[in-house]
Amino acid sequence: MKNVLLLKAGEAAVSVRLSVGDYEQWFLRTMGLEGHRFDILPVHREAPLPRDARAYDAVMMTGSPLSVTKLEPWMERAADFMLSAAEAGTPVLGVCFGHQLLAHAYGGQVARNPRGRETGTVQVRLTEEGRKDPLFDGVPELFATQATHEDIVTRMPEGARVLAGNDNTATQALAFRPNVRGVQFHPEAGPDALRAVIDARREGLEKEALARGRAPGEEVPRLLAGLAPTPFGRRILMNFLERFT
């Protein structure tokens, strides 16, 4: 039995929660409960952090609608906790916001993506380093995954290695330390989750598309039509628990 501490960094929109559950449920549904025990800690709601991570085999952090570019005290506390856990030898994985917070904690920089928001099912390509990394064992060099983010890691921390990227985001996956990984995309999310997210953000997505010169009413149907299964998401998450703990 693997004991996992899942740091919850925010809440999905109400319509998303009603349709497909909140962020932590995406992880539990994708990974399953067999062989794992999850403690969910809503750090965005000031839930007190453990003194250390010794009771856990791994620490993971979810995505969030909040931004590392607008740091709050709880974010700094969570970042410090993840660093302390990692330095003590506990494997740490950050997803989307969690990926960006790890980059900030290790001395990197996070900013709005000048190429714009990435949403929907996207293609990500492993680098040479990524093809050799245990996080992507059994994952093809080019694979589909779900994504929804505005911010990206624009300056990598010293010693970090790029494991995956695409045209929108060069830093789709990073190795910060031998036992610390971050992914900008959402391996825990399926097309149903992204459909709910796109529906919830329909108005904002259309406004952003108009500002980029797209035809009115075109963006959301395009994103929804592009949603596809992403079968390697679970493999990536399970690789983290099986290969790093």
### Query
Side chains of Q146 and T121: is there a donor and an acceptor less than 3.5 Å apart?
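Short answer, yes.
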
Check [Y] with [X], please: is the shortest side-chain N to carboxylate O separation under 4.0 Å?
X	Y	answer
D133	R131	no
D151	R112	yes
E46	R77	yes
K8	D22	yes
E206	R202	no
R235	E242	yes
R45	E11	yes

### Query
Are L102 and L66 joined in one hydrophobic group, where the rule is that I, L, V, M, F, W and Y side chains link up if heavy atoms are under 4.5 Å apart?
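Yes, it is one cluster - the side chains of L102 and L66 are joined through contacts under 4.5 Å.
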
### Message
Show, in sequence, the C-alpha distance, side-chain angles and deciding distance for I236 and F143, and conclude whether the side-chain contact (heavy atoms from CB on, under 4.5 Å) test is met.
### Response
CA-CA 11 Å; I236 293 166; F143 63 95; 3.9 Å; yes

### Message
Just to verify, what does E34 make a salt bridge (Lys or Arg N to Asp or Glu O under 4.0 Å) with, not counting sequence neighbours?
### Response
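For E34 there are no salt bridge (Lys or Arg N to Asp or Glu O under 4.0 Å) partners, ignoring immediate neighbours.
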
### Task
Indicate the atoms forming the closest heavy-atom contact of H149 with N168, along with that distance.
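That would be CE1-OD1, 3.8 Å.
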
Let me have the donor-acceptor pairs involving side chains of residues 86-98, under 3.5 Å, with sequence neighbours excluded, atom names and distances please.
none

### Query
Taking C-beta and beyond as the side chain, do T62 and L6 meet within less than 4.5 Å on heavy atoms?
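A side-chain contact exists here, since the closest heavy-atom pair is under 4.5 Å.
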
### V153 vs H104 side-chain heavy atoms within contact, under 4.5 Å
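A side-chain contact is absent here, since even the closest heavy-atom pair is not under 4.5 Å.
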
#### Entry: Donor-acceptor pair, side chain of N239 and main chain of L135, under 3.5 angstrom
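The answer is yes, because a donor-acceptor pair under 3.5 Å joins these two groups.
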
### Query
If only atom types and distance count, is the side chain of W26 paired as donor or acceptor with the main-chain N or O of G21 below 3.5 Å?
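Pair found, side chain donor or acceptor close to backbone of G21.
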
### Message
side chain to side chain donor-acceptor pair (under 3.5 Å), that's the test. Do Q184 and Q100 meet it? Break it down for me.
### Response
CA-CA 8 Å; Q184 181 59 72; Q100 296 162 8; 2.9 Å; yes

